[in-house]
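Before any comments, here is the structure.
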2 protein chains.
Amino acid sequence: MSTVNLTKNQTLVLDVLTRSEGPLSAYTILDKLRDHGFRAPLQVYRALEKLLEFGLVHRLESLNSFVACAHREHACCSHGTVAFAICESCGQVSEFHDHVIDDQLNSWTRGKGFKPSKTTIEIRGLCAACNI
Amino acid sequence: MSTVNLTKNQTLVLDVLTRSEGPLSAYTILDKLRDHGFRAPLQVYRALEKLLEFGLVHRLESLNSFVACAHREHACCSHGTVAFAICESCGQVSEFHDHVIDDQLNSWTRGKGFKPSKTTIEIRGLCAACNI
DNA sequence: TGCGTCACGTAATGTTATTACATGAATTGT
DNA sequence: ACAATTCATGTAATAACATTACGTGACGCA
Ligand SMILES: [Zn+2]
Ligand SMILES: [Zn+2]
Ligand SMILES: [Zn+2]
Ligand SMILES: [Zn+2]
């Protein structure tokens, strides 16, 4: 659980994401940080790039947006693939891990000689609260 | 295995995707169809929307691009979630299904009361040929 | 004929992401 | 102390991806 030294911009971006209820697009983050001196998309994208490297943030491909990791205490990157359930009504995102799925994907890739670098699993739908 | 009647534009787009080695972005499709009278992105996006509905085409979220379904004879939509392995070197895409993964995801969503509408599974990495 | 639906066309605009270039601070090796 | 290198940052411009708004003609059906 090595703690990383974040730069000022990285800290600002991570704080915004951590405080947010749901995922945010890069441009939404930019808007939220204009008061703190952010003026260009690149400032956000550069910070996000590092935060993704550190495993502190995840990118939701199906939403073109970003969330703070929900399992920071566990060093997310270390325990396999992460999956997300995304509610299309309220925007809530649940992050989870599943070793059976991991194993199954690994078994497929090994069988094919495919060397995975990054795996995306995203379930869009309605959360329990919205599915009344 | 009901065959759908495609419109002219839908046929053109599907043909381009079917002939293509790998996934194509909407704008690449547009360029390839300029000779056939395509002039605006919307023509492509409208055709893609229908082809996605029909299950003849898949969208790769992590690539913002589209592929023809590799299992048309099996009526792709009918047998659960589709997964893709995408080679970051040669661009080749392998489409596959795995019932264990399906079951595992379904068991998670049932447990949470989450009602899935669409699931994305994409593995980025290096295919066997590129991973020498 | 009048009406609704649907595929299509065109233009404009909105959203997301990257490239190119410049500056200043911190780090390293001598 | 000095040059060389690296890294975070700033700014502007542009590229890539996607949607909204509006209008037309074809078709099926009361
Ligand atoms: Zn995480
Ligand atoms: Zn919800
Ligand atoms: Zn398919
Ligand atoms: Zn390859």
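The analysis underlying the following values was restricted to heavy atoms, covering all of them including side chains, and did not include hydrogens, waters or symmetry mates. Convention: sequence-line order gives letters A, B, ...; per-chain numbering from 1.
- Transitive grouping of hydrophobic side chains (ILVMFWY, heavy atoms separated by less than 4.5 Å) keeps B:Ile123 and B:Leu126 in distinct clusters.
- Separating the CZ atom of A:Arg39 from the C1' atom of C:dT23 is a distance of 17 Å, rounded to the nearest angstrom.
- Note on B:Lys118 versus B:Glu61: salt bridge recorded, some NZ/NE/NH1/NH2 to OD/OE distance being below 4.0 Å.
- Dashed line: the shortest gap from a side-chain N or O of B:Thr7 to OP1 or OP2 of C:dC6 is not under 4.0 Å.
- Under the 4.0 Å criterion applied to side-chain N and carboxylate O atoms, A:Glu122 and A:Arg124 are not assigned as salt-bridge partners.
- Aromatic ring orientation, A:His71 versus A:His97: tilted (interplanar angle from 30° to 60°).
- Atoms CG (A:Asn5) and P (D:dC7) sit 15 Å apart, rounded to a whole Å.
- Atom CG in B:Leu63 sits about 18 Å away from atom P in C:dT16, given to the nearest Å.
- Regarding A:Arg34, its CZ atom lies at a distance of 11 Å from the P atom of D:dT11, rounded to whole Å.
- Computed from coordinates, the A:Leu6 CG to D:dC7 C1' distance equals 15 Å when rounded to whole Å.
- When atom types are taken as modelled, the side chain of B:Thr11 and the backbone of B:Thr7 share a donor-acceptor pair closer than 3.5 angstrom.
- In terms of modelled atom types and a separation under 3.5 Å, the side chain of B:Thr109 and the main chain of B:Leu105 share a donor-acceptor contact.
- Rounded to whole angstrom, the span from the CG atom of A:Leu60 across to the P atom of C:dA17 amounts to 11 Å.
- DNA chain C is contacted by B:Gln43, B:Arg46, B:Lys50 of residues 43-50 of chain B, taking any non-hydrogen atom closer than 4.0 Å.
- As rounded to whole Å, 11 Å separates atom C1' of D:dA8 from atom CZ of A:Phe38.
- What separates CG of A:Leu12 from P of D:dA8 is a distance of 15 Å, to the nearest Å.
- Of the listed nucleotides (D:dT9, C:dT18, C:dA11), C:dT18 has the atom at the smallest distance from the side chain of A:Leu42.
- B:Arg59 has a side-chain polar atom (N or O) that falls below the 4.0 Å cut-off from OP1 or OP2 of D:dA18.
- A close approach under 4.0 Å does not occur between any side-chain nitrogen or oxygen of A:Asn64 and OP1 or OP2 of D:dA18.
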Verdict with supporting geometry, A:His58 and A:Phe66, ring pair (Phe, Tyr, Trp, His ring centres under 6.0 Å) = CA-CA 6 Å; A:His58 301 290; A:Phe66 304 85; over 10 Å; no
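- Stacking annotation: A:Tyr27 is not stacked on the base of C:dT15 (requires ring centroids less than 5.5 angstrom apart and an interplanar angle below 30 degrees).
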